[in-house]
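Below is one structure, written out as structure tokens; the observations come after it.
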Amino acid sequence: MPAGRRLLVLDGAPGRWLPPGWEVLPQRGGGLDLRLAAAFAAAAERGGGPALLVGMDTPQLTARMLAEPLSPAARVGTDAWYGPAADGGFWALGLARPTAELARRLLHGVPMSTAHTGAELLRRLDEAGLAVTVLPTLTDVDTVADAAEVAAQAPDTRFAERWNALRTAVVEPVASAGAAG
């Protein structure tokens with residue numbers, strides 16, 4: 001995906017999995033609402049411009065899903081991007097002109113990991129008078145059932161490959177042992 005800058009806000013040290021061209025920033029403490037707001041503030045401090053935060057629990061996300069809504073032509077008139085999660089949360093939030101103050105207003109105090117998290121964030125985006133482009137709804141991986149669903153939705157991904165290997169190594173021997181008893 002073309003980007004002027006790639007920031008990874010991370011709790012811990014990056015591994016060999018991190019591709020070249022990424023700037024790594026330490027994740028600030030606090031609840032998820034505070035950490036997300038701090039990530040937007042860090043992006044604003046490093047040159048401004050549009051910033052899109054994407055959770056790491058949507059492995060079915062592809063560059064193609066973002067290419068059109070984030071293209072220069074589609075960005076005209078857009079102040080924010082919102083990626084709803086199937087469970088009522090969200091997997092992405094973008095701001096065309098992020099500032100620390102705007103991020104605080106939008107995110108501080110939003111109850112995270114509830115069935116109403118996304119609705120509360122959308123309400124705040126609306127109250128701020130922002131024109132929002134809604135991205136596709138995705139399932140974020142919070143449970144074993146979510147993992148199976150996402151692996152089935154995106155069968156050609158590394159996630160699906162690893163999920164299937166894990167399922168074969170763990171679930172099928174357990175099922176076979178139960179059938180033998």
Side-chain angles (χ1 to χ4, degrees), residues 1-15 17-114 116-142:
M1 184 77 206
R5 168 175 272 144
R6 289 180 169 86
L7 298 175
L8 175 62
V9 181
L10 183 66
D11 183 16
W17 48 264
L18 184 65
W22 285 80
E23 180 181 350
V24 179
L25 302 175
Q27 189 176 90
R28 296 184 191 160
L32 183 56
D33 59 330
L34 301 178
R35 294 190 315 252
L36 292 173
F40 275 115
E45 291 168 6
R46 283 163 176 73
L52 179 72
L53 295 181
V54 176
M56 296 184 74
D57 58 354
T58 51
Q60 73 277 37
L61 177 63
T62 65
R64 179 176 286 180
M65 289 178 196
L66 297 175
E68 174 57 30
L70 297 176
S71 70
R75 285 196 311 243
V76 174
T78 295
D79 299 313
W81 296 268
Y82 169 76
D87 64 3
F90 64 97
W91 61 268
L93 175 63
L95 298 173
R97 291 167 297 287
T99 66
E101 176 55 32
L102 177 59
R104 276 192 297 274
R105 281 193 349 236
L106 294 174
L107 292 160
H108 282 200
V110 171
M112 295 291 163
S113 301
T114 75
H116 308 289
T117 299
E120 174 62 16
L121 179 57
L122 277 173
R123 185 186 67 73
R124 290 181 181 209
L125 289 163
D126 183 58
E127 283 181 356
L130 301 178
V132 178
T133 295
V134 178
L135 302 171
T137 299
L138 296 179
T139 298
D140 53 354
V141 178
D142 295 326

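All of these numbers come straight from a predicted model, not from anything done at the bench.
Note: D87 CG to T114 OG1 = 9.0 Å, rounded to the nearest 0.5 Å. Rounding to the nearest 0.5 Å places CE of M56 at 6.0 Å from CG of L8. To the nearest 0.5 angstrom, T117 atom OG1 is 9.0 Å from L32 atom CG. Distance CG/D140 to CG/L61: 12.0 Å, rounded to 0.5 Å. Considering CZ of R105 and CG of L102, their distance stands at 5.5 Å, rounded to 0.5 Å.
A heavy-atom distance below 4.5 Å is found between the side chains of L25 and R46. Counting heavy atoms from C-beta outward, L125 and L93 have side chains that approach closer than 4.5 Å. Inter-residue side-chain proximity for W91 and L135 is flagged as met; some heavy-atom pair is nearer than 4.5 Å. L36 is not listed as a side-chain neighbour of V110, based on a closest heavy-atom distance of 4.5 Å or more. Inter-residue side-chain proximity for L107 and F40 is flagged as met; some heavy-atom pair is nearer than 4.5 Å. Contact of the L10 side chain with the L18 side chain is not registered, since no non-hydrogen atoms from C-beta on lie closer than 4.5 Å. The closest side-chain heavy-atom distance from T139 to Q60 is below 4.5 Å.
Side chain of R35 to backbone of G30: a donor-acceptor contact under 3.5 angstrom is found. Side chain of W81 to backbone of L52: no donor-acceptor contact under 3.5 angstrom is found. Although no hydrogens or angles enter the test, the distance criterion places a donor-acceptor pair under 3.5 Å between the side chain of D79 and the main chain of A131. At least one donor-acceptor pair under 3.5 Å links the side chain of D33 to the backbone N or O of G109.
Contact between L106 and L121 at its shortest, heavy atoms only, is O-CD1, 3.8 Å. Taking both residues in full, the closest heavy atoms of A44 and P98 are given as CB-O, 3.4 Å, listed atom of the first, atom of the second, then distance. The two residues R28 and A42 have their closest heavy-atom pair at NH2-CB, 4.5 Å. Across every non-hydrogen atom of A39 and V9, the tightest pair is CB-CG2, 3.8 Å. Annotation for G29 and L34: closest pair O-CB, 4.3 Å, computed over non-hydrogen atoms. E23 and R5 make their closest contact through OE1-NE, 3.4 Å (heavy atoms, listed as atom of the first residue, atom of the second, distance).
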Using the rule given for salt bridge (charged side-chain N to carboxylate O under 4.0 Å, His left out), can you reason through E120 versus R123, listing the C-alpha separation, both sets of side-chain angles and the distance that settles it, and then say yes or no?
CA-CA 5 Å; E120 174 62 16; R123 185 186 67 73; 2.6 Å; yes
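In the displayed structure, H116 atom NE2 is contacted under 6.0 Å by at most 12 heavy atoms of other residues, nucleotides or ligands.
Using a 4.0 Å cut-off between a side-chain N of Lys or Arg and a carboxylate O of Asp or Glu, E101 and R104 qualify as a salt bridge.
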